[in-house]
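Heads up: the structure comes next, in structure tokens.
Everything numeric in this text was worked out from a predicted model, so none of it was measured. Sequence lines set the chain letters: A, B, ... in the order given, protein chains first and strands last, and positions in each chain run from 1.
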Number of protein chains: 2
Amino acid sequence: MSEDVKFWHLRNHQLFWVLNNSQVRQLCIITNFKRAKKGEMINFGEKESSRIYLLKKGNLKLVQVDEQGNEFIVDIIQQGELFGSLNVEGDDSSYEYAQVLTDRVVLCSFGVSDFERLLSENPTLAISYTKLVGFRLKRVKNSYSNLFFKSAKERLIAFLKDWANREGKINENQVCLDNFLTQKEISQIICSSRQTTTQLFNDWEQQGLISYSRKEIRINNLKALG
Amino acid sequence: MSEDVKFWHLRNHQLFWVLNNSQVRQLCIITNFKRAKKGEMINFGEKESSRIYLLKKGNLKLVQVDEQGNEFIVDIIQQGELFGSLNVEGDDSSYEYAQVLTDRVVLCSFGVSDFERLLSENPTLAISYTKLVGFRLKRVKNSYSNLFFKSAKERLIAFLKDWANREGKINENQVCLDNFLTQKEISQIICSSRQTTTQLFNDWEQQGLISYSRKEIRINNLKALG
DNA sequence: TCCATAATGTAATCTTCCAGACATTTGCCT
DNA sequence: AGGCAAATGTCTGGAAGATTACATTATGGA
């Protein structure tokens with residue numbers, strides 16, 4: 001990928017607005033670009049090779065795997081978001097990987113140490129980055145505390161609402177979602193069984209409130225679901 | 001509180017190891033010290049007044065309250081930890097407060113804007129701070145993903161194990177915990193009903209595996225609980 | 001010391017949703 | 001086109017644990 005394109009990508013990310021052009025050019029040099037297709041997995045966690053990723057196009061899921069092998073979808077990353085070793089510290093038992101959800105993704109990455117050097121030279125960038133991580137913390141806390149006090153149905157509604165806010169397209173009163181998730185994946189996100197999720201979608205479908213397909217989800221009236 | 005004592009407190013926190021003495025002295029000036037007693041509440045969230053706290057002594061809980069008024073214990077903060085507006089960004093719907101659990105706590109705090117200025121002058125500090133928040137993020141993720149795949153019993157065991165690791169005192173094979181939590185609070189942490197928690201403790205008590213009182217919890221054999 | 005209040009103990013229902021066990025459909029690959 | 005795997009649809013019992021409803025016991029403050 002040409003330096004020009006790299007430049008454009010980085011220049012367009014909010015986080016790097018505080019850098020001047022020459023700094024961004026510098027950043028280009030340490031940056032690695034990559035394309036990946038649906039289903040591909042991205043591993044991170046090996047201390048040495050740990051990298052920070054910036055997702056330029058597409059969506060992917062962050063999956064955490066515990067000792068028993070349970071897979072748990074921690075977060076859905078969308079266009080423009082950072083992910084990877086935000087935490088930097090090498091530690092522990094839990095393993096995490098990312099998997100591509102959309103047909104293809106474009107992402108770029110820096111090694112953690114390069115990124116750290118950049119931060120130490122640009123305090124303003126360091127603060128922006130700090131805020132970003134803090135925001136992520138808040139998001140995770142929020143989405144989890146949702147899960148505990150809501151029934152499976154409420155959790156699914158909350159998930160759809162969130163999704164609609166993030167990426168929904170409004171078509172004459174309807175919200176339309178590009179569906180790159182299977183019902184199984186949705187259940188993993190909202191922590192319920194696959195069957196329960198299916199049941200809920202079908203109930204809504206029969207009431208004419210929603211239209212589910214593998215390509216898209218159309219919601220006629222978000223508020224009426226409850 | 002004298003500047004000297006402030007100095008000692010700050011100098012001893014890992015986060016500030018990267019600062020030199022004169023910088024720590026500077027930090028002392030913007031620092032506010034406070035004592036609080038059991039049950040007292042600390043609010044943060046008002047954008048203007050938001051502060052970052054460093055807990056010097058004691059324990060407290062961070063409680064998140066959602067729109068329905070459900071109270072959810074997000075985290076237990078112990079000696080030496082930072083809490084408060086780690087996220088810096090003022091946002092949204094969810095409200096969070098801290099409540100003192102031990103007889104008394106000692107804490108110091110800075111206004112967010114002062115702290116930000118400090119960060120911008122000390123990029124290394126900013127990086128340390130980022131790692132800290134990242135670590136917190138990891139902890140939250142971990143404790144949550146625990147919750148979803150475990151039964152109430154397993155969750156309680158995991159909680160006790162974690163507690164034992166953090167603050168347990170070993171007495172001739174037994175682990176002894178200073179109990180500043182009620183069973184109700186424990187249930188809030190592990191997300192089960194108060195009655196279920198009570199039942200579990202009593203079962204263990206009858207099997208002679210544990211000894212619960214309001215002052216202390218003594219565990220004879222952590223592994224045998226399962 | 002006594003009392004009000006909070007914390008703990010116990011039991012009987014009742015709801016939710018998970019876990020199988022299939023059938024059916026969809027969509028991709030060759 | 002045809003076949004195969006993955007995704008979806010549907011039904012069942014059963015278990016975990018919430019909820020309700022009290023009884024009992026501690027504890028801190030007046």
### Task
Please test B/Gln183 against B/Thr197 for side-chain hydrogen bond (donor to acceptor under 3.5 Å, both in side chains), starting from the C-alpha separation and ending with a verdict.
CA-CA 7 Å; B/Gln183 294 186 353; B/Thr197 304; over 6 Å; no

### Query
Have A/Asn179 and A/Glu216 got a donor and an acceptor in their side chains that come within less than 3.5 Å?
no

### Query
Mind checking whether A/Phe110 and A/Tyr53 have ring centres under 6.0 Å apart?
no

### Summary
To the nearest angstrom, the CD-C1' distance between A/Gln195 and D/dG13 comes to 14 Å

### Leading and trailing nucleotides of DNA chain C with any atom under 4.0 Å from heavy atoms of chain A
C/dC17 to C/dG27

### Message
Using five base pairs at each end to define the local axes, how bent is the helix from C/dT1-D/dA30 to C/dT30-D/dA1, to the nearest 10°?
### Response
50°

### Query
Expressed in angstrom and rounded to an integer, what is the separation of B/Gln183 atom CD from D/dA26 atom C1'?
12 Å

### Message
Could you check whether B/Glu40 and B/Gln99, counting side-chain N and O atoms only, form a donor-acceptor pair closer than 3.5 Å?
### Response
no

### Message
When you measure from the side-chain N and O atoms of B/Thr196 to the phosphate of D/dA16, is any distance below 4.0 Å, counting only OP1 and OP2?
### Response
no

### Task
Quick one: label A/Thr182 by what it contacts on the DNA or RNA (base, sugar-phosphate, nothing), any heavy atom closer than 4.0 Å.
sugar-phosphate

### Query
Can a donor-acceptor pair be found between the side chains of A/Glu167 and A/Asn59 at a distance below 3.5 Å?
yes

### Query
What class does the angle between the rings of A/Trp204 and A/Phe201 fall in, given that below 30° is parallel, 30 to 60° is tilted and above 60° is perpendicular?
perpendicular

### Query
Under 6.0 Å from the NZ atom of A/Lys57, do we count more than 12 heavy atoms belonging to anything else shown?
no

### Query
Among residues 198-221 of chain B, which contact DNA chain D at a heavy-atom distance under 4.0 Å?
B/Arg214

### Query
In whole angstrom, what separates A/Leu181's CG from D/dA6's C1'?
15 Å

### Query
How many angstroms lie between atom CD1 of B/Ile42 and atom CG of B/Leu60, to the nearest 0.5 angstrom?
5.5 Å

#### Entry: Value in whole Å for how far the P atom of D/dA16 lies from CD of B/Glu154
11 Å

### Task
To the nearest Å, give me how far apart NZ (B/Lys184) and C1' (D/dT25) are.
17 Å

### Message
Just so I know, are the side chains of A/Phe180 and A/Asp103 near enough to count as touching, which here means a heavy-atom distance under 4.5 Å?
### Response
no

### Task
Please check if any side-chain donor atom of A/Arg218 sits under 3.5 Å from a side-chain acceptor atom of A/Ser211, or the reverse.
no

### Query
Can you tell me how far P of D/dA7 sits from CG of A/Leu101, to the nearest Å?
12 Å

### Query
Any side-chain heavy-atom pair from A/Lys56 and A/Val105 closer than 4.5 angstrom?
no

